[in-house]
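Down below is the structure, laid out as structure tokens.
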Amino acid sequence: MKPTDTAHTRPVLVIGNLTIDDVVRPDGTVRMGCLGGNAVYAAMAARLWNSVVAVVARRGDDLPPAVLETLDGLEIDTAGVRGIDGPTVRNWVIYEQDGRRRWLYRTPPERSREVAVRPEDIPAEWLRADPAPVVHVAAMPLPAATAIVQHVRKQAPDALITVDTHEDWRGDPDSVLDLARRADVFVPSREELADLVGYDDPARAAAELRERGVPAVVVKLGADGALIDAGDRPAEWIPAYRADVADTTGAGDTFCGALAAALGAGLSLPNAVRRGAATAAWAIEGFGSLTLAGLDPVTARERFAALTGGPPPRPAEADTPYEIDVMRREIAMIPEVIAERLTDAGGHVRRIADALAGQGIENLFLVGCGDSCFAGQATALAFQRHAGVNARAVHALDFARYEVRYLPPRSAVLCVSFSGKVGRTTEAAVQATRFGALSIALTNNESGALARAADLVLPIEVPTLGFSPGTSTYLAMVTTLTDLALRWAVARGRNVDAARTALGTVPALAEQTLAACAGPAEKAARSLAGEPWITFLGGGPNEASAKFGAAKLFEGPQLLGVSTNLEEWAHEEYFISSAGTPVVLVAPSGASFDRAGEILSELDYIAAHPIVVSDVEPELPALHLPLAPGLTEEFSPLLAALPLSLIGFHLAEVLGKKSYNVPSEAARTEHYDTIHRLVIGEPA
């Protein structure tokens, strides 16, 4: 087994069975000697999402060696396939015109137990891989699955184990439950879960397994998608993807293989499940275990991006670090970035929440510059509404030079800087500590100047692909702050179960919003491309969204974007607005929604060119960029930034711009020296 491509990618071991299938299709066509078995379906799917996939299985002496060469040719390592005496399990698979499928065993039923993988079949060096592998235990007899999991746990304690269920596990629920507890992700079908618990209610049954010690449950629901119950996240339903169904054989194994591979590639469980659902949809559109053989990993990623509304990822040009396509690719990452931030994998958000509650903090100041400042403004309402504290966003300069001397007792200052180098934000942390407040650094740079200046550090890790206007990084900061608000609420003894459930839906809603806005955002950008200036309006937490939208015009297409409070437009920009003036109105449902409707009416009256970002269809003529419905106002900035990001990207694309328009390396150095220079002033 070859080494992984990166230190963060785990190899994938698929442990299951091989079969020889003689297939009779509805039209009478017969195909003899087809390669089958759950290990093949799972491995074919896994190779699309992970570069290192190996199979452990047993083959009878009648399985032609050339059959395995097909898998080897797809870079699936078959060195773990052991030959044994006797026949391979062989089946007639008969398909009827109405979609029904019948299996006739051509080998005795007990042969399935004889060919089940044993612990000693697994190459020892594969379990010693660094990083530890993801091991998928496909459906097999219960004693065999139990022995495999026990062996892997002993030989590779850090391995991540996923376990599929077998139709013959009925009658021994205690042993099945014991096995499920030893797995990291238990992946039963709906029917097999019902057999295990005695009733058919997937959500209730998954919750029961979790209460009984199963770490994570993913229920395969067939055409209804999948249900996830894991960690401290609320249960989440992932829908199935549309498919022109030809053959559902192996759909569950395909799902499991893609799921395991995506987990090995570092994706969160919900995003891994989405890839499992998509891959299963592609597999059932053809007949046989090799349906996916013609699909390569790059094309799979492009197809998945098209399904979810995001653009296909493409490698960055080494000689064009400011290429605007980096922005598009980072926008496509946003649902995954949000999902990853909500897992709080290292427990950092919980740690800060406990510290804030433990120190009796009642006043929170959210400070930063640029996107980091907007992130604080976007989330202040969430802290107020859920944590029950006084929260206020203040620009880092104003805080450090004008407000810090007058802080009320029991104050904390949350200093936000993704780079961790911004001078004014670092100054805010220094001054906060000087005047007796608790300072916290939210940053991607744990060793930077800001982290060194703060009392506590809340690290965030977000992959970036190049020099691009911040989109995924901004949403990562907003997500982390929102998550902190709810975890702080819990630490203060407040009930926020409904809010946590709502927050858990954001990754899926983000994917829906990107898909729904893909066309309208490009249309909006083309209509704006010739304009000398564009106004962005928003109120409450979405005044921050308006500022974010305007900032993306400066950074991407290098256009003049003006951000204004929703109310202030009527007092100021109105007087220089007329027919055709472009105005982007950010107006999700919430406290200022009615006032946004009145402003839209005024825009209609003067025949301006309004573009409305909202979860509600505008009643007056306007280009609508729809947000997925279902979030309360304090969470809406997590979606509102998405169409604004797309507008910024498409405008740059239409105008042929690269990010930032930095004229030279010397100019870039001088500019960032200005931003990063740390000078501690004397506050007023």
Side-chain angles (χ1 to χ4, degrees), residues 305 310-334 336-337 368-375 416-422 425 443-445 460-478 514 517-518 521-522 524-526 528-534 536 544-563 584 640-676:
R314 294 187 293 186
E317 301 273 348
D319 58 345
T320 54
Y322 293 93
E323 176 62 48
I324 197 62
D325 194 62
V326 172
M327 184 179 183
R328 169 163 56 179
R329 290 158 52 218
E330 290 189 347
I331 292 170
M333 292 164 48
I334 288 173
E336 292 181 18
V337 167
C369 302
D371 284 358
S372 300
C373 182
F374 310 153
V416 184
S417 170
F418 185 78
S419 72
K421 301 176 182 179
V422 175
T425 309
T443 180
N444 189 56
N445 185 353
I460 57 174
E461 294 183 8
V462 183
T464 54
L465 306 178
F467 296 104
S468 169
T471 55
S472 58
T473 53
Y474 171 72
L475 269 302
M477 293 186 292
V478 174
L514 285 172
C517 289
E522 184 172 5
R526 293 187 180 279
L528 296 171
E531 299 293 345
W533 65 292
I534 303 163
F536 292 78
S545 301
K547 292 179 178 178
F548 172 82
K552 298 311 107 176
L553 298 198
F554 299 144
E555 299 164 352
Q558 292 105 51
L559 290 178
L560 176 58
V562 178
S563 61
V584 180
L642 300 174
L644 301 175
S645 299
L646 289 171
I647 288 176
F649 163 72
H650 285 299
L651 272 168
E653 185 181 46
V654 168
L655 297 173
K657 298 285 189 177
K658 293 185 178 182
S659 301
Y660 301 120
N661 192 35
V662 180
S664 67
E665 188 60 30
R668 179 182 182 276
T669 299
E670 193 280 334
H671 170 68
Y672 283 104
D673 283 350
T674 300
I675 291 176
H676 297 159

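Sequence positions, counted from 1, serve as the residue numbers for this chain. Small disclaimer: the values here were computed from a predicted structure and weren't measured.
Pairing each heavy atom of Leu655 with each of Ala529, the nearest pair is CD2-O, 3.8 Å. Taking all atoms of both residues into account, the shortest heavy-atom contact from Pro643 to Cys517 is CB-SG, 3.8 Å. Closest non-hydrogen pair, Ala521 versus His650, comes out as C-CD2, 4.1 Å. Nearest heavy-atom pair across Ser468 and Val326 is CB-CG1, 3.5 Å. The heavy-atom pair separating Ala476 from Val337 by the smallest distance is CB-CG1, 3.7 Å. Closest approach of Ser372 and Val416 over heavy atoms only: CB-O, 3.0 Å.
Remark: side-chain polar atoms of Thr674 are paired, donor with acceptor, to backbone N or O of Glu670 under 3.5 angstrom. The closest donor-acceptor contact from the side chain of Lys552 to the backbone of Gly470 lies under 3.5 Å. A side-chain donor-acceptor contact under 3.5 Å links Thr443 to the backbone of Ser417. Remark: the backbone N or O of Gly556 is paired with a side-chain donor or acceptor of Gln558 at under 3.5 angstrom. Asn444 contributes no side-chain N or O that, together with a main-chain N or O of Phe418, makes up a donor-acceptor pair within less than 3.5 Å. A distance-only check finds no donor-acceptor pair linking the side chain of Glu531 to the backbone of Leu560 [under 3.5 Å].
For Tyr672, the ring-ring contact (aromatic ring centres under 6.0 Å, His included) partners are His676, not counting sequence neighbours.
In this structure, Ile534 CD1 and Leu553 CG are separated by 5.0 Å, a value rounded to the nearest 0.5 Å. Once rounded to the nearest 0.5 Å, the distance linking CG of Leu651 with CZ of Arg526 reads 10.0 Å. Note that NZ of Lys657 and CE of Met327 are 14.5 Å apart. Values are rounded to the nearest 0.5 Å. Summarising the geometry, atom NZ belonging to Lys547 is positioned 12.0 Å from atom CG belonging to Asp371; distances are rounded to the nearest 0.5 Å. In this structure, CD1 in Ile460 is found 8.0 Å from OG1 in Thr473, a value given to the nearest 0.5 Å. Atom OG in Ser645 sits 5.0 Å away from atom CD1 in Ile334 (nearest 0.5 Å).
A perpendicular orientation is assigned to the rings of Tyr474 and Phe374, their planes being inclined by more than 60° (bins at 30° and 60°).
Residues Thr471 and Phe649 are not in side-chain contact: their nearest non-hydrogen atoms beyond the backbone lie 4.5 Å or more apart.
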